[in-house]
Amino acid sequence: DIQMTQSPASLSASLEEIVTITCKASQGIDDYLSWYQQKPGKSPQLLIYDATSLADGVPSRFSGSRSGTQYSLKISRPQVDDSGIYYCLQSYSTPPTFGGGTKLELK
Amino acid sequence: EVKLQQSGDELVRPGASVKMSCKASGYTFTDYAMHWVKQSPGQGLEWIGTIIPLIDTTSYNQKFKGKATLTADKSSNTAYMELSRLTSEDSAVYYCARRYGGYLDYWGQGVMVTVSS
């Protein structure tokens, strides 16, 4: 199975910061990487797909990038509503595997 | 509007089975695979398996083989997951999610399964 190592596990950021969350794949995944946001008691919501494409309706302050086998989710000038848990998912090979999640708190 | 409506929360006895549903609307059910994901309390997400309704083909995470059984009813646009021989380890929220390309674009609201005597 492909391992997705997500970091950090949690972070607290101010509204003026740029927040970056990373997922490192244990092998190449050909950009079959998506990012999801989950709020308490809710189902995950798609943010980014194919590593860099913004899902419909997602604010442009969210962006995705790749460097080697490390994928990043960036939130520029986050809003309070961006608090939640973020997950990456690789779907290059079966079984699809999620990162461990990053809990983001905005202060 | 695409919607995945899951069945209600379940309280089940240890050793029993539970079958939950995921009714799809707003798109052609047979055009997309349906995935199922487990989220244990306070934990992350874990892929259980997938079904391609058009050809009734399934694929499972090795960890869930023998535990989960995925089916689909094309006539009612509904996917099902049955979990058998339940233990406390199966207490979790279970999501269905539509796969589009390489990602999960729509998710159901989740079914909370509580295994308790």
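We name chains A, B, ... by the order of the sequence lines, and we start the count at 1 in each one.
Placement of L15(A) and F62(A) within a single hydrophobic cluster is found when ILVMFWY residues are connected by side-chain heavy-atom separations under 4.5 Å, directly or transitively. Y32(B) and Y32(A) are not part of a single hydrophobic cluster, where members link through side-chain heavy atoms under 4.5 Å apart. Side-chain heavy atoms closer than 4.5 Å link hydrophobic residues (I, L, V, M, F, W, Y) into clusters, and following such links, possibly through other members, connects I48(B) to I51(B).
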Exercise. Determine, stepwise, if the pair F98(A) / V37(B) fulfils side-chain contact (heavy atoms from CB on, under 4.5 Å).
Key: CA-CA 10 Å; F98(A) 291 91; V37(B) 175; 4.1 Å; yes
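A distance of 11.5 Å separates CG in L45(B) from OG1 in T97(A), rounded to the nearest 0.5 Å. Here the CG-CG distance, from D1(A) to N61(B), works out to 6.5 Å after rounding to the nearest 0.5 Å. Taking CD from Q39(B) and OH from Y87(A), the interatomic distance works out to 4.5 Å, rounded to the nearest 0.5 Å. Note that OH of Y103(B) and CG of L33(A) are 13.5 Å apart. Values are rounded to the nearest 0.5 Å.
Heavy-atom neighbours of K39(A) NZ from other residues, nucleotides or ligands within 6.0 Å: above the threshold of 12. Taking a 6.0 Å sphere around OH of Y92(A), one finds it holds 12 or fewer heavy atoms contributed by other residues, nucleotides or ligands. Applying the 6.0 Å contact sphere to NZ of K23(B) captures more than 12 heavy atoms from other residues, nucleotides or ligands. Dense packing is recorded around CZ of F64(B), with more than 12 heavy atoms of other residues, nucleotides or ligands lying under 6.0 Å away. Counting heavy-atom neighbours within 6.0 Å of K103(A) NZ, excluding the residue itself, gives a total of 12 or less. Summarising the local packing, CD of Q27(A) is surrounded by more than 12 heavy atoms from other residues, nucleotides or ligands at distances under 6.0 Å.
Closest approach of Q38(A) and Y95(B) over heavy atoms only: NE2-OH, 3.2 Å.
Proximity to chain B is absent for every atom of Q90(A), based on heavy atoms less than 4.5 angstrom apart. Heavy-atom distances place no part of V93(B) under 4.5 Å from chain A, backbone and side chain included. Heavy-atom distances place both the backbone and the side chain of S91(A) under 4.5 Å from chain B.
Per-residue counts of heavy-atom pairs under 4.5 Å with chain B were compared for P95(A), S43(A), P44(A); the largest is that of P44(A). Comparing R99(B), Q62(B), K63(B), Q109(B) by heavy-atom pairs within less than 4.5 Å of chain A, the highest count is held by R99(B).
Using a 4.5 Å heavy-atom cutoff, the side chains of T94(A) and W47(B) are in contact.
Of the possible polar contacts, one joining the Y36(A) side chain to the L104(B) backbone as a donor-acceptor pair under 3.5 Å is found.
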